[in-house]
Visitor: 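I'd like to ask you about the structure that follows.
In what follows, every heavy atom counts, from backbone to side chain, and hydrogens, waters and symmetry copies are set aside. Order of listing sets the numbers, starting from 1, for every ligand and every atom in it.
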Amino acid sequence: MAHLGSTILWHETLGPRRPRPPLTGTRTADVVIVGGGYTGLWSALQLKESAPDLDVVVLEAHDVSYGASGRNGGFAMTLLDFDLHRFAGNWGDAEAGHAHRAVARSVREIVDTVEAAGIDAELEHTGLLRVATNDAQLARIERERATAERLGLTGFDLLDQAGTRALLDSPSYLGGLTEADCAIVNPAKLAVGLAELAVARGVAVHEGSPVLDLSEAPGGVVATTPQGQVRAETAILATNAWAHRHPAARGWSAPLYTYIVVTEPLSDAQWEAIGWQGRHGVEDARNYVHYFRPTRDGRILWGGTDAVYRYGGPISPRRDRHEAIRRRLEAELVTSFPQLGRVRFTHHWGGPISITARFVPRIGSFDGGRVHYAFGYSGHGVAPAHTAGRILRDKVLGRDTEDTAVCFVDHPQTSFPPEPLTWVGAELTRRLLQRQDRKMDRGQDSGDVDPLLLRVLDRLP
Ligand SMILES: Cc1cc2nc3c(=O)[nH]c(=O)nc-3n(C[C@H](O)[C@H](O)[C@H](O)COP(=O)(O)OP(=O)(O)OC[C@H]3O[C@@H](n4cnc5c(N)ncnc54)[C@H](O)[C@@H]3O)c2cc1C
């Protein structure tokens, strides 16, 4: 297992690109959006679609593909909470079904937008395959299928071992569950394509423009960057893993790092040996899932297995690699597909995601409705950020819609406590979840009982 580099594959595929110029000077706008990832860009696009005359400005600290939106696994999928079963258990069948349908609609709308606008995001609408590698995981996917059926959701199909291995062949697979509403994309190309589309629709996008202060001002808000200021009636806070840095949102979410490895392009013989028919995005049913997918240029991207919270929640390029997790990810891929033989890995990176105490997104408003926010997708935000864009648009436009009625919108979720309690709680939860994964592998845990700490968290408001 040779290891060659540490760059983000997706960024390499972007080619030369001139960033949008930073904000300079003072200007006014109707809406200022802080953060130029998917949440910020989809909000801008959907606002412009509904109200073309609205003056919308996006301020991005780095570039639009810098955050999780430019470095994720590229699964546009429906997942909210740990799984549908847990989500329905915590919020009720009607609420879970309603939220699931809103995100499934987003998967389809992302596909439609990408196709209609001709964005080369390497999108493949191939669906999700969830595989089970032990009996407890098998029980989980069967339970997931039953929950989907009970909620009246369509597009979920259980597969036996042979059916699963016919789609992707690993000797460890015992069964699988397919879900139609999932697409895989090149996430950085999607982010850049959305930014270009937003600019074409009249949105002002400024990169290299970190908002140092977002505060109330007469009649609205003022966002201050090193070289400029935007005065606007309304702001949208779309900074996801960085959201806890805003004083009003302190403790509402915590940044966790998740990591990925990527192989070199596989040979035809290697692809044939694993027979990845249908090119689904794939996850297993562990607590700390492995997520993996083929890339357009014939590699396997393989991520997950762990997620790390560090004391105080620092976000820094120094966290972009994690050697122990890299080694584990590489070894796990090789173990899952022994028929691949020798595999070389060319890329490894990670990035910050945003977790909330209830594992569902946090979407709402503060400062008397002058600032709306959406973050906390718990590592599954590609499609939900589009849903959040619809919700934030409706909030800015003062509309009550099906989307603003989603159960976690304006929900007073509990916050994380000050350190060291958040670190202790995060580490304890991580260890309990990992212990359950190991026990499920050994056949000592049915997989249906959440660790105590999660049950405690579920009791919180
Ligand atoms: C390694 C990894 C793999 C993942 N895989 C998947 C996956 O396969 N499927 C899935 O659904 N989800 C996945 N996710 C999660 C998903 O990428 C995120 O949920 C989603 O991209 C969130 O979008 P966002 O726009 O809210 O946040 P981000 O993309 O993080 O954007 C926030 C932006 O705000 C900017 N910002 C921060 N502070 C300021 C400031 N003060 N002023 C101006 N700008 C600021 C940042 O620079 C950043 O660009 C993954 C995440 C990671 C890290």
Visitor: Using a strict cut-off of 4.0 Å, indicate which atoms of ligand 1 neighbour a heavy atom of G73.
Guide: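 Counting from 1, the qualifying ligand atoms are 3 (C), 4 (C), 5 (N), 6 (C), 7 (C), 8 (O).
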Visitor: Is any side-chain N of the basic residue among E207 and R17 closer than 4.0 Å to the acidic one's carboxylate O?
Guide: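 Looking at R17 together with E207, the answer is yes, because their closest N to O distance falls below 4.0 Å.
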Visitor: List for me each residue that meets side-chain contact (heavy atoms from CB on, under 4.5 Å) alongside P314, sequence neighbours excluded, and say none if there are none.
Guide: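 P314 satisfies side-chain contact (heavy atoms from CB on, under 4.5 Å) with R310, R319 once adjacent residues are dropped.
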Visitor: Which residue holds the protein heavy atom closest to atom 30 (O) of ligand 1, what is that atom called, and what is the gap in Å?
Guide: A68 N, 3.1 Å
Visitor: Under a 4.0 Å N-O cut-off, is there an ion pair linking E109 with R390?
Guide: yes
Visitor: Does the plane of the ring in Y173 sit parallel, tilted or perpendicular to the ring in F337? Use 30° and 60° as the thresholds.
Guide: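 Answer is perpendicular, since the angle exceeds 60°.
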Visitor: Looking only at protein heavy atoms, which one is nearest to atom 33 (C) of ligand 1, and what is the separation?
Guide: E60 OE1, 3.5 Å
Visitor: Looking only at protein heavy atoms, which one is nearest to atom 34 (O) of ligand 1, and how far off is it?
Guide: G35 CA, 3.4 Å
Visitor: I would like to know whether R130 and D83 meet salt bridge (charged side-chain N to carboxylate O under 4.0 Å, His left out); could you show each step before the answer?
Guide: CA-CA 11 Å; R130 195 162 306 157; D83 58 22; over 6 Å; no
Visitor: Under 3.5 Å, is there a donor on one side chain and an acceptor on the other for T346 and R299?
Guide: yes
Visitor: Should one rank F75, F292, Y377, F375 by closest heavy-atom distance to atom 8 (O) of ligand 1, which comes out on top?
Guide: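 Looking at heavy atoms only, the winner is F75.
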Visitor: For atom 22 (C) of ligand 1, which of L190, I33, N240 has the closest heavy atom?
Guide: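 It is N240 that holds the nearest heavy atom.
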Visitor: Looking at H62, which atoms of ligand 1 are within less than 4.0 Å of one of its heavy atoms?
Guide: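 Once the distances to H62 are compared, the set is 47 (O).
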Visitor: Identify, by atom number and element, the atoms of ligand 1 in contact range of I353, meaning under 4.0 Å from any of its heavy atoms.
Guide: 51 (C), 52 (C), 53 (C)
Visitor: Are side-chain N/O atoms of R362 and S354 paired as donor and acceptor at under 3.5 Å?
Guide: no
Visitor: Quick one: do E330 and R327 satisfy salt bridge (charged side-chain N to carboxylate O under 4.0 Å, His left out)? Show the steps, please.
Guide: CA-CA 5 Å; E330 291 182 1; R327 283 195 297 276; over 6 Å; no
Visitor: Do V211 and ligand 1 have an N or O pair less than 3.5 Å apart?
Guide: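 Yes.
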Visitor: Would you mind finding which of A385, A241, A61 brings a heavy atom closest to atom 45 (C) of ligand 1?
Guide: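 The option holding the nearest heavy atom is A61.
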Visitor: Would you confirm whether the ring centroid of H11 sits within less than 6.0 angstrom of the ring centroid of W349?
Guide: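 So the answer is no for these two rings.
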Visitor: What do we get for L59 next to ligand 1 when only non-hydrogen atoms under 4.0 Å count, side chain, backbone, both or neither?
Guide: backbone
Visitor: For atom 32 (C) of ligand 1, what's the nearest protein heavy atom and its distance?
Guide: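 Checked against all protein heavy atoms, atom 32 (C) of ligand 1 sits closest to A238 O, 3.5 Å.
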Visitor: Against heavy atoms of V34, which atoms of ligand 1 measure under 4.0 Å?
Guide: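 Answer, ordered by atom number: 40 (C), 42 (N), 43 (C).
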Visitor: Any non-hydrogen atom of G303 lying under 4.0 Å from ligand 1?
Guide: no
Visitor: Salt bridge check: are E144 and R140 linked by an N-O gap of less than 4.0 Å?
Guide: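 Result for this pair is no, no salt bridge flagged.
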Visitor: Quick check on contacts: which atoms of ligand 1 are under 4.0 angstrom from a heavy atom of G351?
Guide: 53 (C)
Visitor: Under 3.5 Å, is there a donor on one side chain and an acceptor on the other for H280 and T126?
Guide: no
Visitor: Nearest to atom 39 (C) of ligand 1, what protein heavy atom do you find, and at what distance?
Guide: T239 CG2, 3.6 Å
Visitor: Tell me: protein heavy atom nearest atom 1 (C) of ligand 1, and distance?
Guide: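 The closest heavy atom on the protein side is T258 O, 3.5 Å.
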Visitor: Output the list of atoms in ligand 1 that are nearer than 4.0 Å to some heavy atom of Y38, sorted by atom number.
Guide: 21 (O), 25 (O)
Visitor: Looking at R293 and G73, would you say the former's side chain and the latter's main chain have a donor-acceptor pair under 3.5 Å?
Guide: yes
Visitor: Distance under 4.0 Å to a non-hydrogen atom of H380: what atoms of ligand 1 satisfy this?
Guide: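 Here the atoms of ligand 1 in question are 10 (C), 11 (O), 12 (N).
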Visitor: Using a 3.5 Å cut-off and no angle test, enumerate the donor-acceptor pairs between side-chain atoms of residues 240-254 and protein atoms at least two apart in sequence or in another chain.
Guide:
residue: N240; atom: OD1; partner: G376; partner atom: N; Å: 3.2
residue: H244; atom: ND1; partner: A241; partner atom: O; Å: 3.1
residue: H246; atom: ND1; partner: A248; partner atom: N; Å: 3.1

Visitor: Who's closest to atom 29 (O) of ligand 1 heavy-atom-wise, of S69, G381, S354, G37?
Guide: S69
Visitor: Does an N or O from G379, backbone or side chain, lie closer than 3.5 Å to an N or O of ligand 1?
Guide: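 Between G379 and ligand 1 (N or O atoms, distance only) the closest approach is under 3.5 Å.
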Visitor: Can you tell me which residue and heavy atom of the protein come closest to atom 6 (C) of ligand 1, and the distance to 0.1 Å?
Guide: N72 CB, 3.5 Å
Visitor: In ligand 1, which numbered atoms sit nearer than 4.0 Å to a non-hydrogen atom of V382?
Guide: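 Close to V382: 9 (N), 10 (C), 11 (O), 12 (N).
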Visitor: Would you mind checking which non-hydrogen protein atom is closest to atom 24 (P) of ligand 1, with the distance to 0.1 Å?
Guide: T39 OG1, 3.5 Å
Visitor: Counting distance only, does the side-chain N/O of H348 pair as donor-acceptor with the main-chain N or O of H322 below 3.5 Å?
Guide: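 Here the side-chain-to-backbone pair exists.
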